[in-house]
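For reference, the structure is listed below as C-alpha cells.
These figures come from a predicted structure and were not determined experimentally.
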Amino acid sequence: MQKQKTLAHDVEITGIGLHSGVSVNLKIKPGEVDSGINFVRIDLPGSPKIPATADKVTSVLRATTIEQGGVKVFTIEHLMSALNISGIDNCVVELDAEEPPVLNGNAEDFYKVIKSAGTVEQENFRRVIDIEKVYRVDGEGGKFIIALPYDGFRISFTSVNPHPAVGTQFANFEITPEVYESEIAPARTIAYEKEIEQLQKMGLGLGGTIENVIVYNDEGWLNELRFADELVRHKVLDLIGDLRLAGFLKCHVIAFNSGHALNTQLAKKIFADFEGEI
C-alpha cells in the first residue's frame with residue numbers, strides 16, 4: 001500500500017483560459033491528509049471551495065466543469081490529468097478566475113511544475129479503487145467507454161474522424177509517469193478551423209491560438225504536429241484527468257470516440273460505487 005502524497009511546497013502558474021480568454025493566476029498548494037483535490041475561487045467573496053470529485057461535474061461542453069453552490073471552475077481536465085499521474089492525493093488549487101490557464105494546450109507545463117515542486121508522503125494510506133467488475137457507458141454513434149479489471153492502469157483509445165487529415169488513430173498505453181511525461185502530456189488540444197468562429201460566438205475557445213491548439217482545415221494541418229497521432233494522445237490525456245474525479249483507479253479503460261461526456265459518466269458510476277471508500 002502507498003501513503004498519500006501532497007506537494008512539497010506551493011507552485012504558481014499564470015496564463016489565460018482556453019475558453020474564457022481571461023487572465024488567471026493559479027497556485028497549487030499542499031493539502032491536508034484525506035482532504036482530496038479542491039479548487040478555491042479566491043476572486044469571489046468567501047473564497048468558495050469546490051471538491052474535484054465526479055459528483056460535482058455539471059457540464060461537459062468542450063471541457064469538464066465542476067460546480068458547487070452556484071460556483072464553478074471549468075476546463076480542469078489538463079491539470080487533473082497532471083495531478084493524477086503525479087500521484088497527488090491532496091492539494092488546494094487557488095485561482096482568481098473560473099478557468100485554469102491553457103498554457104501550451106496540454107498537461108506538460110502542469111506536470112513539470114508539479115514535478116519540480118516534489119512531493120511529500122502523508123501519514124494515511126492512499127485509497128486506490130481496484131475495479132472488480134465491468135463498467136460501460138454508451139453514447140450516440142457507437143461511442144463507448146469501458147473499464148475492466150486490470151492489475152495496473154492501461155488505456156486503449158480509438159478515435160475515428162472522417163476528415164482525411166485526421167482519420168483513425170489508436171493509442172494503447174500502460175500509464176506510468178515516464179510514459180505520461182514523454183508520450184501523453186505534450187499532446188495538445190485540437191480544433192477544426194470551420195468550428196472556431198461558431199465556438200467563439202458561444203463564448204468558447206477565446207484563449208485558443210495556433211501555439212496552444214492544433215488546428216486542421218479541409219487542406220490539412222495548420223501547425224506542425226508533435227506526434228502523428230497527437231489527437232488520440234490528447235484524448236488519452238483528457239481521459240486521465242476526467243477519471244481522476246473518481247479517484248485513483250486500477251483498471252484497463254477501452255474507449256471508442258469518447259469525450260468528456262462519456263468520460264465523466266464513467267467516473268460518476270465508479271465514484272457512486274466507491275464514494276464511501278475514497
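- Sequence neighbours left out, not one pair with a member in residues 117-137 passes ring-ring contact (aromatic ring centres under 6.0 Å, His included).
- Remark: the backbone N or O of N25 is not paired with any side-chain donor or acceptor of E12 at under 3.5 angstrom.
- Screening residues 207-240 for ring-ring contact (aromatic ring centres under 6.0 Å, His included) gives H78-H234, H163-Y216, Y192-Y216, Y216-W221 as the qualifying pairs, with residues at least two apart or on separate chains.
- For the pair V253 and R154, the minimum side-chain heavy-atom distance is 4.5 Å or more.
- Here S81 pairs with Y180, L237, I240 under the side-chain contact (heavy atoms from CB on, under 4.5 Å) rule; sequence neighbours left out.
- Within the structure, salt bridge (Lys or Arg N to Asp or Glu O under 4.0 Å) contacts touching residues 28-42 (residues at least two apart or in different chains) are K29-E94, D34-R127, R41-D43.
- Remark: side-chain polar atoms of N106 are not paired, donor with acceptor, to backbone N or O of T189 under 3.5 angstrom.
- Here the side chain of N217 pairs a donor or acceptor atom with the backbone of G220 at under 3.5 angstrom.
- Of the inter-residue distances, the one linking L95 atom CG with I76 atom CD1 reads 10.5 Å to the nearest 0.5 angstrom.
- Side-chain contact check for N90 and Q122: at least one donor-acceptor pair (N or O, by modelled atom type) lies under 3.5 Å.
- Closest approach of L103 to T14, counting heavy atoms only: CD2-O, 4.0 Å.
- Between the side chains of R126 and Q4, no donor-acceptor pair of N or O atoms lies under 3.5 Å.
- With sequence neighbours excluded, the residues that form a side-chain contact (heavy atoms from CB on, under 4.5 Å) with V22 are S20, A97.
- Looking at Q169 and S159, their side chains never bring a donor and an acceptor atom within 3.5 Å of each other.
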Show which side-chain atoms of residues 242-250 pair as donor or acceptor with protein atoms under 3.5 Å away, not counting sequence neighbours.
{"unit_1": "D242", "atom_1": "OD1", "unit_2": "T64", "atom_2": "OG1", "d": "2.7"}
{"unit_1": "D242", "atom_1": "OD2", "unit_2": "H260", "atom_2": "ND1", "d": "2.8"}
{"unit_1": "D242", "atom_1": "OD2", "unit_2": "N263", "atom_2": "ND2", "d": "3.0"}
{"unit_1": "R244", "atom_1": "NH2", "unit_2": "I88", "atom_2": "O", "d": "3.2"}

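- Partner of H252 under the ring-ring contact (aromatic ring centres under 6.0 Å, His included) criterion, chosen from Y150, F173, F153: Y150.
- The neighbour count for K3 NZ, taken as heavy atoms of other residues, nucleotides or ligands under 6.0 Å away, is above 12.
- Of all the heavy atoms in S258 and F157, the pair that sits closest is O-CZ, 3.3 Å.
- Annotation for K268: atom NZ counts as buried by contact number, over 12 foreign heavy atoms lying within 6.0 Å.
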